[in-house]
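Below you'll find the structure, written out as structure tokens, and then a few comments.
Each chain gets a letter, A, B and so on, in the order its sequence line appears, and its residues count up from 1.
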Number of protein chains: 2
Amino acid sequence: MQFQSLINYLSTFISLDENEQDILASKVTHRTYLKNQYMVQQGDVCKYVNFITSGCTKTFYLDNDGTEHIVMFGIENWWIADLGSFITQSPADYNVQCIETTEVIQFTHQNLESLYTQIPKLERFFRKIIERALVASQKRIVRNFTHSAKDNYLIFKELYPKIEQRVPQYMIASYLGITKEFLSKIKSELIFEK
Amino acid sequence: MQFQSLINYLSTFISLDENEQDILASKVTHRTYLKNQYMVQQGDVCKYVNFITSGCTKTFYLDNDGTEHIVMFGIENWWIADLGSFITQSPADYNVQCIETTEVIQFTHQNLESLYTQIPKLERFFRKIIERALVASQKRIVRNFTHSAKDNYLIFKELYPKIEQRVPQYMIASYLGITKEFLSKIKSELIFEK
DNA sequence: AATAAATGTTAAACTAGTTTAACTTCCTTT
DNA sequence: AAAGGAAGTTAAACTAGTTTAACATTTATT
């Protein structure tokens, strides 16, 4: 059952007694999105924070030319939302679309707020998750500046080997901030170098 | 007095009663760093989260060539630390150096943890601050991909007009991920365009 | 099995940003 | 007031990554 995946995941960070688990269960819902469906659309308010129990998503920004820029991918045990939109309940800058059929456990803003109050351990947990995400985000900024596209591709493969196998190459190029043609060139150079 | 600056700042987010203010005061220390002094050095453990009451700092990464890459600046009412190092109490990736004489209020890891427990409002406050920082960091990643160096410079000026006036140009170039020579060229083009 | 659609490749011409190096201007320190 | 260092500028040669366009391969649909 889906909810159990969340409990298992949380148990590696915090321990919740039966009562707390029941409270949590009463505040979340479960949903399945089909491949290509949108979890969040640019311009809509992001209603949920989503915990992925299975599947794969991409979070992307559409620029004025209609080009998509992938901000992040999401797989099992990742938290996915347009955080800026969710916390302020204002229109989203990003789209979240499913690359595979994706099952999630959803927290509304109101339910999450009430969980924070009822189970302070959970607020602490989310603070720590967000701290880590911020550290990772800052590291990514520095990486982008200090490394060539080829190095960044190799680092990506090492950091997220599971994602590299599941998403098309042109999306990885977008995540790295380069064109699919250039990534193709990089890959052929890497094969040659071996 | 320095501590009052922190209280004033916090009051725009949360209200602390006298007792809570006293607890807070008992858990922080004050320190003045001179121009060019280091608040954090790459390799050391980042011992404090610093709230700047006056002055200006740069947080930067030194790559293998010895080139510095500025991750962020800090001015009055900003929180400065190597967050990754602070939360795990492991060696820092970044340096924090003062661009001006800088006064800060410092929180050790232990004191901050105990404040979170004694004043849950403060944990909520920090969660929100970090959420915002994460949103800003993700936006910066997308900005870097979607805009030219010239656009990013204009955006920087608009976003942080106070910082632009206080720090040398070559540091702004580093923050933008371009060379000082190219920023110089961009500026001369902008003058010409007017 | 056939066709269309999505994904991936190659190569040539191009451009945004880097490198190097020489020079200028401004700021400190004596 | 002079001298030295830090910060900023200019320009030429270069390179990492883009653009365009044509083609190849894989995957999905009938």
Side-chain angles (χ1 to χ4, degrees), chain A residues 34-37 56 58 60 63-70 73 97-101 141-157 163-194, chain B residues 34-37 56 58 60 63-70 73 97-101 141-157 163-194:
Chain A
L34 300 178
K35 186 175 172 175
N36 293 328
Q37 275 191 318
C56 184
K58 61 175 175 182
F60 63 98
D63 70 18
N64 297 332
D65 303 337
T67 310
E68 82 178 42
H69 299 271
I70 295 182
F73 294 108
Q97 192 180 12
C98 297
I99 299 173
E100 305 168 2
T101 296
I141 291 172
V142 175
R143 260 205 311 275
N144 289 157
F145 285 156
T146 52
H147 297 290
S148 67
K150 188 195 274 186
D151 286 350
N152 278 137
Y153 171 61
L154 292 171
I155 292 166
F156 174 81
K157 275 176 54 156
I163 293 174
E164 209 241 337
Q165 285 154 20
R166 281 163 80 167
V167 312
Q169 246 181 66
Y170 74 91
M171 291 188 193
I172 294 173
S174 170
Y175 177 88
L176 294 173
I178 59 176
T179 58
K180 61 190 193 338
E181 291 84 356
F182 193 54
L183 179 54
S184 193
K185 192 178 175 186
I186 286 169
K187 287 190 78 172
S188 74
E189 278 172 23
L190 286 170
I191 289 163
F192 194 70
E193 278 170 20
K194 279 179 193 166
Chain B
L34 299 178
K35 186 177 173 175
N36 293 329
Q37 276 191 316
C56 184
K58 61 175 175 180
F60 63 98
D63 69 17
N64 297 331
D65 303 337
T67 310
E68 82 178 42
H69 299 271
I70 295 182
F73 294 108
Q97 192 179 11
C98 297
I99 299 173
E100 303 169 1
T101 296
I141 290 172
V142 175
R143 260 204 313 275
N144 289 158
F145 286 156
T146 52
H147 297 289
S148 67
K150 188 194 275 184
D151 286 350
N152 278 136
Y153 171 62
L154 292 171
I155 292 166
F156 174 81
K157 275 176 55 155
I163 293 174
E164 208 243 335
Q165 284 153 20
R166 282 164 79 167
V167 311
Q169 247 181 66
Y170 74 91
M171 291 187 195
I172 294 173
S174 170
Y175 177 88
L176 294 173
I178 59 176
T179 58
K180 61 191 193 338
E181 290 85 357
F182 193 54
L183 179 54
S184 192
K185 193 179 176 187
I186 287 170
K187 286 190 79 172
S188 74
E189 278 172 22
L190 286 170
I191 289 163
F192 195 70
E193 278 169 19
K194 275 178 195 165

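Contact check for A/Thr146 versus B/Thr67: no side-chain heavy atoms found under the 4.5 Å cut-off. A 4.5 Å side-chain heavy-atom check between B/Tyr153 and B/His147 finds every atom pair outside the cut-off. No side-chain heavy atom of B/Ile178 sits less than 4.5 Å from a side-chain heavy atom of B/Asn152. Side-chain atoms of A/Ile155 and A/Arg143, non-hydrogen and from C-beta on, do get closer than 4.5 Å to each other.
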For nucleotides 23-30 of chain D, read 5' to 3', which letter fits each nucleotide if B means a protein heavy atom sits under 4.0 Å from the base, S means only the sugar-phosphate is that close, and - means neither? --------
Each nucleotide of nucleotides 12-22 of chain D classed B (base within 4.0 Å of a protein heavy atom), S (only sugar-phosphate) or -, in 5' to 3' order, makes -----BBBBB-
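Against DNA chain D, the stretch residues 164-171 of chain A makes no heavy-atom approach under 4.0 Å.
Judged by distance alone, the side chain of A/Asp63 and the main-chain N or O of A/Asp65 form a donor-acceptor pair under 3.5 Å. Checked by atom type and distance alone, the side chain of A/Gln97 pairs as donor or acceptor with a backbone atom of A/Asn36 at under 3.5 Å.
With rounding to the nearest 0.5 angstrom, the NZ atom of A/Lys157 is 9.5 Å from the CD atom of A/Gln165. The NZ atom of B/Lys150 lies 10.0 Å from the NZ atom of B/Lys185; values are rounded to the nearest 0.5 Å. In this structure, the separation between CD1 on B/Ile172 and CZ on B/Phe156 is 4.5 Å, given to the nearest 0.5 Å. Atoms CZ and CE, on A/Phe60 and A/Met171 in that order, are 8.5 Å from each other to the nearest 0.5 Å.
Over its full length, the helix from C/dA1-D/dT30 to C/dT30-D/dA1 turns its helical axis through 50°, comparing axes from the five pairs at each end and rounding to 10°.
Residues A/Thr101 and A/Lys35 approach most closely at OG1-N, 3.7 Å, considering heavy atoms.
What separates NZ of B/Lys187 from C1' of D/dT9 is a distance of 11 Å, to the nearest Å. Atom CD of A/Glu68 and atom C1' of C/dA6 are 13 Å apart (whole Å). Across the protein-nucleic acid pair, A/Leu183 atom CG and C/dT10 atom C1' stand 14 Å apart, rounded to whole Å.
Pairs engaging residues 165-177 of chain A under the salt bridge (Lys or Arg N to Asp or Glu O under 4.0 Å) rule: A/Glu76-A/Arg166, A/Glu100-A/Arg166 [sequence neighbours left out].
Considering only residues two or more places apart in sequence or on other chains, B/Phe73 meets the ring-ring contact (aromatic ring centres under 6.0 Å, His included) condition with B/Tyr175.
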